[in-house]
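Structure, as structure tokens:
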Amino acid sequence: MSKQSDKLAAKRQAKSAARLYAVQALFQMEAAGQSADSVIREFEDHRFGAIYEEGEMAEGHVTLFRTTVGEAVNWQAKIDQLTDRALATAWPIDRIDPTLRALFRAAGAELVGADTPPKVVINEYVDLARAFFPDGKEPKFVNAVLDHMAREAKPDAFS
């Protein structure tokens, strides 16, 4: 590999790690009732690049992580409405698995508040769903919900 392709691969890995950390941070905020600022600080100080017995945590793209968590908090009502409209009527967002809820909020933050192409957002968060639920049907569910959310949030990207 060339140095340029190595740099691109490292940047992609850092962005993927930032998305994973954002989902984990949003989950932690909801579960523990913590503020975005305290969770962001904790993740940056103790998780980005941390070394544990099981291995080393990846370095995350700090700007993407902060922006995703911040936008998920700022746009939560809009993101939750987008998610609710993509879900079956009998299953509003507050009834789904908290990990999925955090995932939808992180993805929704990128769909609503960032310039990331919707297909990239969908692919990245479906990959995360596979990591969180390796044997389940959740990745297909996440793909369908995010596709619906993306078409509503960024209809011009699908024209």
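Nothing here was measured: the structure is a model prediction, and the numbers come from that model. As a basis for the values below, the full set of heavy atoms in this structure was taken, side chains included, without hydrogen atoms, waters or symmetry mates.
Figure legend: R101 and F104 shown without cation-pi pairing, the cationic atom not lying both under 6.0 angstrom from the six-membered ring centre and within 45 degrees of its axis.
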Test salt bridge (charged side-chain N to carboxylate O under 4.0 Å, His left out) applied to D147 and R151, step by step: CA-CA 6 Å; D147 183 68; R151 289 177 186 279; 2.9 Å; yes
Worked verdict on F65 versus E44 for side-chain contact (heavy atoms from CB on, under 4.5 Å): CA-CA 9 Å; F65 171 71; E44 289 177 8; 3.9 Å; yes
side-chain contact (heavy atoms from CB on, under 4.5 Å) assessment of F133 paired with D97: CA-CA 11 Å; F133 305 99; D97 179 273; 3.7 Å; yes
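Salt bridge absent: E124 and K15 never bring a charged side-chain N and a carboxylate O closer than 4.0 Å.
Nearest approach of A17 to G60, heavy atoms of both residues: CB-CA, 4.1 Å. When all heavy atoms of V142 and A129 are compared, the pair lying nearest together is CG2-CB, 3.7 Å. The nearest pair of heavy atoms linking G108 to I79 is C-CD1, 3.6 Å. Of all heavy-atom pairs spanning F27 and P98, the tightest one is CE1-CB, 3.7 Å.
Remark: of the listed residues L87, L82, I96, L87 is the sole one forming a side chain to side chain contact (heavy atoms under 4.5 Å, CB included) with V145.
Here the straight-line distance linking atom CD of E71 with atom CZ of R66 works out to 14.0 Å at 0.5 Å rounding. Taken from CD in E152 to NZ in K78, the straight-line distance is 8.5 Å, to the nearest 0.5 Å. The NE2 atom of H61 sits 8.5 Å away from atom OG1 of T67, with the distance rounded to the nearest 0.5 Å.
For the pair S16 and D127, the minimum side-chain heavy-atom distance is 4.5 Å or more. Between M149 and T83, some side-chain heavy-atom pair lies under the 4.5 Å cut-off. For the pair D80/R85, no side-chain contact is recorded, criterion being any heavy-atom separation below 4.5 Å from C-beta on. Between V23 and F132, some side-chain heavy-atom pair lies under the 4.5 Å cut-off. Between T68 and R19, every side-chain heavy-atom pair lies at or beyond the 4.5 Å cut-off. Counting only heavy atoms from C-beta outward, the side chains of T99 and L103 never approach each other to under 4.5 Å.
A side-chain donor from one of E110 and Y125 sits under 3.5 Å from a side-chain acceptor of the other. Under 3.5 Å, the side chains of Q28 and E42 contain a donor-acceptor pair of N or O atoms.
Around the CD atom of Q76, the shell of radius 6.0 Å holds more than 12 heavy atoms that belong to other residues, nucleotides or ligands.
Put simply, the side chain of N123 gets close to the backbone of K119: a donor and an acceptor are under 3.5 Å apart. Under a 3.5 Å cut-off, the side chain of S38 and the backbone N or O of S35 do form a donor-acceptor pair. Checking side-chain atoms of D84 against main-chain N and O of I93 turns up a donor-acceptor pair under 3.5 Å.
Neither V73 nor L64 shares a network with the other; the hydrophobic side chains, linked directly or stepwise wherever heavy atoms of I, L, V, M, F, W or Y lie under 4.5 Å apart, form separate groups for each.
Aromatic ring centres of F48 and F43 lie farther apart than the 6.0 Å criterion allows.
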